[in-house]
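Below is one structure, written out as structure tokens; the observations come after it.
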Protein chains: 2
Amino acid sequence: MKTAESVPTEVVQQVAEYFGVLSEPMRLRLLNLLRDGEKCVQDLVEATQTSQANVSKHLKVMLQAGILTRRSEGTSAYYSVTDDLIFELCTLVCDRLASRIEQQAQYFRAFSLTSKQ
Amino acid sequence: MKTAESVPTEVVQQVAEYFGVLSEPMRLRLLNLLRDGEKCVQDLVEATQTSQANVSKHLKVMLQAGILTRRSEGTSAYYSVTDDLIFELCTLVCDRLASRIEQQAQYFRAFSLTSKQ
DNA sequence: TCTATCTATTACTCCATTGTCATACAAGGT
DNA sequence: ACCTTGTATGACAATGGAGTAATAGATAGA
């Protein structure tokens with residue numbers, strides 16, 4: 001049986017880093033833009049309304065995390081998502097967050113009933 | 001059809017925060033310790049070998065993120081995991097990381113073959 | 001009541017990361 | 001060759017978060 005202490009530090013570290021990549025709004029936005037397919041840096045800059053340097057940096061982070069793939073064409077660099085697990089994770093989290101909000105709404109409705117009359 | 005720009009900033013922000021909670025090794029260690037069931041702060045302090053203040057802080061973060069539940073008993077505070085989605089997410093990520101490492105191993109083996117003779 | 005234990009919180013330092021600016025590099029077109 | 005465009009990188013300031021030490025509060029027991 002697996003005990004808590006049996007999980008190596010290295011593993012915990014890497015899992016934390018993976019989640020860390022997904023813990024930045026700008027990176028999530030970039031990933032969402034890459035849902036349709038590969039895009040070059042300039043496309044992403046225009047879509048995100050931030051600096052080109054910033055986009056390149058975030059792309060580099062995700063590239064090194066093994067989430068993206070890079071393809072050079074002329075002076076442009078095209079990035080695409082290689083690891084669809086990311087979208088799966090985002091879907092799971094979004095659904096859970098939505099459920100919570102709905103649950104909150106139910107609490108309000110229940111209170112509304114007890115307050116009636 | 002959903003376009004990239006249609007995702008509200010607030011949603012992206014919250015998803016990022018959710019992943020952010022899971023992006024700290026100490027928190028993952030605490031969650032792993034809570035796999036078996038609820039534990040009090042002191043138990044977690046002894047198991048993680050860090051300060052009590054640090055454990056309380058991380059627990060608070062996860063409590064506010066809706067991941068944990070708190071139960072008071074005497075002077076002790078017992079925490080337990082309410083959102084099992086977390087373990088599901090960790091499992092998915094761990095499996096993916098394991099696959100990557102195995103893939104890397106395959107590359108080494110393939111190179112070993114091409115280098116033979 | 002006094003003490004001991006357990007937990008939460010504050011103030012503080014330290015480290016990591018984000019975003020920006022400027023610059024360097026590479027490739028195409030004129 | 002020159003210029004333009006697209007991308008990557010380094011330095012920098014600002015921000016945020018982790019960890020620690022000290023302290024306060026709460027509860028059980030003597």
Side-chain angles (χ1 to χ4, degrees), chain A residues 9-10 12-34 37-81, chain B residues 9-10 12-34 37-81:
Chain A
T9 307
E10 177 65 19
V12 176
Q13 182 74 29
Q14 287 212 31
V15 174
E17 284 177 10
Y18 193 97
F19 284 125
V21 174
L22 303 179
S23 69
E24 285 303 317
M26 183 58 73
R27 282 198 283 270
L28 291 180
R29 289 175 61 195
L30 291 171
L31 287 172
N32 197 40
L33 286 167
L34 292 172
E38 67 172 14
K39 288 193 171 56
C40 70
V41 178
Q42 191 56 30
D43 292 341
L44 298 171
V45 170
E46 291 167 3
T48 56
Q49 296 282 32
T50 184
S51 68
Q52 176 265 320
N54 198 26
V55 171
S56 284
K57 278 196 173 180
H58 283 300
L59 292 174
K60 184 181 181 182
V61 170
M62 294 188 282
L63 185 66
Q64 290 181 333
I67 290 176
L68 299 183
T69 306
R70 196 188 108 110
R71 180 178 68 85
S72 281
E73 183 177 319
T75 63
S76 298
Y78 287 84
Y79 288 84
S80 58
V81 178
Chain B
T9 307
E10 177 66 18
V12 176
Q13 183 74 28
Q14 287 211 31
V15 174
E17 285 177 10
Y18 193 97
F19 284 125
V21 174
L22 303 180
S23 69
E24 285 303 316
M26 181 59 71
R27 283 198 280 271
L28 292 180
R29 288 176 62 195
L30 291 172
L31 288 171
N32 197 41
L33 286 167
L34 292 172
E38 69 172 12
K39 289 192 173 56
C40 71
V41 179
Q42 192 57 29
D43 292 342
L44 298 171
V45 170
E46 292 168 2
T48 55
Q49 296 281 35
T50 183
S51 70
Q52 176 265 319
N54 198 28
V55 171
S56 283
K57 274 197 176 182
H58 284 300
L59 291 174
K60 184 181 181 182
V61 170
M62 293 189 282
L63 184 67
Q64 291 182 332
I67 291 176
L68 299 183
T69 304
R70 196 188 108 109
R71 179 178 68 86
S72 283
E73 183 177 318
T75 62
S76 297
Y78 287 85
Y79 288 86
S80 58
V81 178

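Lettering follows sequence order; numbering is per chain, from 1.
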For this session: Evaluate the criterion side-chain contact (heavy atoms from CB on, under 4.5 Å) for residue pair Leu22(A) and Leu31(A); output intermediate values, then yes/no.
Result: CA-CA 9 Å; Leu22(A) 303 179; Leu31(A) 287 172; 3.8 Å; yes

Exercise. Which parts of nucleotides 1-14 of chain D does protein reach within less than 4.0 Å, heavy atoms only, written one letter per nucleotide 5' to 3' as B for base, S for sugar-phosphate only and - for none?
Worked result: -----SBBBBB---

Exercise. Should Tyr78(A) and Ser76(A) count as side-chain neighbours, where that means a heavy-atom distance under 4.5 Å?
Worked result: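 SC-SC contact between Tyr78(A) and Ser76(A) confirmed.
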
Problem set entry | N/O donor-acceptor pair under 3.5 Å between Ser56(B) side chain and Ala53(B) backbone | no

Problem set entry | First of Gly74(B) and Val61(B) reached from the 5' end of DNA chain D, by closest nucleotide |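 The answer here is Val61(B).
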
Separation of [X] atom [atom1] from [N] atom [atom2], in whole Å?
| X | N | atom1 | atom2 | answer |
| --- | --- | --- | --- | --- |
| Gln49(B) | dG19(D) | CD | P | 14 Å |
| Glu73(B) | dA28(D) | CD | C1' | 12 Å |
| Glu17(B) | dG16(D) | CD | C1' | 12 Å |

Exercise. Closest approach of Arg27(B) and Val61(B), non-hydrogen atoms and distance?
Worked result: NH1-CG1, 3.8 Å

Exercise. Looking at Leu28(B) and Val15(A), what are the two nearest heavy atoms and their distance?
Worked result: CD1-CG1, 3.9 Å

Problem set entry | Under 4.0 angstrom between Ser23(A) side-chain N/O and dG17(D) OP1 or OP2 | no

For this session: Nearest 0.5 Å please: distance from the CD atom of Gln13(A) over to the CD atom of Glu24(B).
Result: 9.0 Å

For this session: Quick one: pull up NZ in Lys60(A) and CG in Leu68(A) and give me the separation to the nearest 0.5 Å.
Result: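 Those atoms lie 13.5 Å apart.
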
Exercise. With a non-hydrogen cut-off below 4.0 angstrom, is Ser72(B) in contact with a base, only sugar-phosphate, or nothing?
Worked result: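 Nothing, no heavy atom under 4.0 Å.
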
Problem set entry | Span of DNA chain C, from the first to the last nucleotide whose atoms fall under 4.0 Å of chain B heavy atoms |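 Under 4.0 Å from chain B, the extent on DNA chain C is dC6(C) to dA11(C).
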
Taking distance alone, no hydrogens or angles, what donor-acceptor pairs closer than 3.5 Å link side-chain atoms of residues 41-50 of chain B to residues at least two apart or in another chain?
unit_1, atom_1, unit_2, atom_2, d
Thr48(B), OG1, Leu44(B), O, 2.6
Thr48(B), OG1, Val45(B), O, 3.4
Thr50(B), OG1, Asn54(B), ND2, 3.1

